[in-house]
Amino acid sequence: QQVPQFVILGSDDNPDYSGVRFFRDLLRNRTNPVGSGNSATFDGQPMHMSFYLIGQNIYGPNLNDPAMRTLYVSLYSAGYELGNHGFLHNLFGNSYSGWYDDFNKTKAAIRQMLIEGSVSAAEVDSSPRVNKGIREPQDAFTPESLQAGQDLGYDYDSSHRTGHQSNLPPWWPGTMDNGWPGGAVWDTQPVGQHHGYWQTPQTYIVTDPVTNATGGYCDADFIGAGQPYANDPQGFKELLKNTVLRSYNGNRAPVSFCLHSNYWNDAVPGRQQAMGEFLDWLQTLPDVRVVSHAELLSWMRNPAALNTS
């Protein structure tokens with residue numbers, strides 16, 4: 001195989017200090033396999049992930065905590081991507097203006113926060129890691145929300161899903177020129193047509209590696225309160241591994257895990273340990289590259305094969 005197996009960790013909401021800090025520090029000193037040293041395939045490069053921030057958690061009205069803002073800025077300084085998860089975490093259905101205004105407020109809040117955190121305005125406005133991607137609250141995208149994101153200058157949306165047992169193999173990311181065909185066969189959530197606007201889908205988690213049966217696609221579906229793996233982090237780790245191996249031994253479609261950092265805070269050290277072990281395992285697979293969604297998109301636009309320079 002000459003195609004990298006991309007694995008993306010994307011964390012939504014991020015209101016919990018210790019949960020955000022956990023992921024920041026977990027990846028901070030980890031690198032991808034050295035490969036042939038080709039930066040175009042992230043050989044030996046630091047592992048990164050994507051954080052989708054809620055605007056009202058930056059300067060209020062929900063959270064207005066200087067410590068959280070400093071932590072968010074430290075994510076950027078560590079090389080991670082800061083994306084848009086809406087301002088109010090509300091749904092605006094078919095209201096284009098509602099989505100546009102909501103996304104725009106978060107875009108402005110992230111920009112202001114970074115500038116106040118001593119990142120120059122010129123760097124913020126040109127950075128490939130700031131305000132490039134959107135994930136709608138509750139993944140409740142509509143044609144209007146997707147159009148609003150594109151009109152605001154975003155490069156991609158990451159709210160749809162792929163890899164459901166009803167539509168295999170998993171789909172690769174692609175532009176939504178003609179909608180998005182990669183979801184579950186029963187998923188009729190309308191997309192619309194958005195020429196040149198990318199969808200980098202989240203991946204349904206494999207619950208049975210023999211039959212390729214899948215469950216949900218977010219950690220909340222498995223480790224949330226009352227869910228089957230809420231008290232079984234090692235079992236959930238095995239599901240994550242199953243999901244990676246389905247692509248790794250298949251069509252190499254990127255695996256994008258939907259996470260919520262508040263489920264991985266200091267109150268659940270067993271989960272933190274399991275996630276660390278999962279990343280340790282990923283580092284043993286020579287073709288795996290852990291990247292942000294923005295980094296994945298840069299590769300999609302200019303693909304390079306492994307073991308070439």
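Y229 and F222 have tilted rings, their planes meeting at an angle from 30° to 60° on a 0 to 90° scale. In this pair, Y52 and H293 present their aromatic rings tilted. The plane angle is within the 30 to 60° band. Ring pair Y100/Y96 is tilted by interplanar angle, where 30° to 60° counts as tilted. Aromatic ring pairs are classed by plane angle as parallel below 30°, tilted from 30° to 60° and perpendicular above 60°; the pair Y80 and H48 is perpendicular. Note on ring orientation: taking the six-membered ring where Trp is involved, the planes of F23 and W264 are perpendicular (angle over 60°, cut-offs 30° and 60°).
Within a 6.0 Å sphere centred on CG of N231, heavy atoms belonging to other residues, nucleotides or ligands number 12 at most. Within 6.0 Å of atom NZ in K241, more than 12 heavy atoms from other residues, nucleotides or ligands are found, so the atom counts as buried in its surroundings.
Ionic pairing of R21 and D16 is not present here: no N-O contact between side-chain nitrogen and carboxylate oxygen is shorter than 4.0 angstrom.
Not a single donor-acceptor pair under 3.5 Å links the side chain of N32 to the backbone N or O of D43.
Taking the centre and axis of the six-membered ring of Y204, the NZ or CZ atom of R161 falls outside the cone set by 45° and 6.0 Å. For the pair R252 and Y248, the distance from NZ or CZ to the six-membered ring centre is under 6.0 Å and the angle to the ring normal is within 45 degrees.
L91 and L53 are not part of a single hydrophobic cluster, where members link through side-chain heavy atoms under 4.5 Å apart. V206 and I223 are not part of a single hydrophobic cluster, where members link through side-chain heavy atoms under 4.5 Å apart. Put simply, L152 and I54 are part of two different groups of oily side chains (I, L, V, M, F, W, Y) that touch within less than 4.5 Å, one to the next. A chain of hydrophobic side-chain contacts below 4.5 Å, direct or via other Ile, Leu, Val, Met, Phe, Trp or Tyr residues, connects V130 to V73.
A donor-acceptor contact closer than 3.5 angstrom links the side chains of S74 and R24.
In this structure Y17 satisfies the ring-ring contact (aromatic ring centres under 6.0 Å, His included) test with no other residue, sequence neighbours excluded. Scored by the salt bridge (Lys or Arg N to Asp or Glu O under 4.0 Å) test, E277 finds K237 as partners (sequence neighbours excluded).
No option in N242, L240, V255 other than L240 meets the side chain to side chain contact (heavy atoms under 4.5 Å, CB included) test with I205.
Summarising the geometry, atom CE belonging to M176 is positioned 7.5 Å from atom CD belonging to Q150; distances are rounded to the nearest 0.5 Å. With rounding to the nearest 0.5 Å, the separation of CH2 in W99 from CZ in F141 is 10.5 Å.
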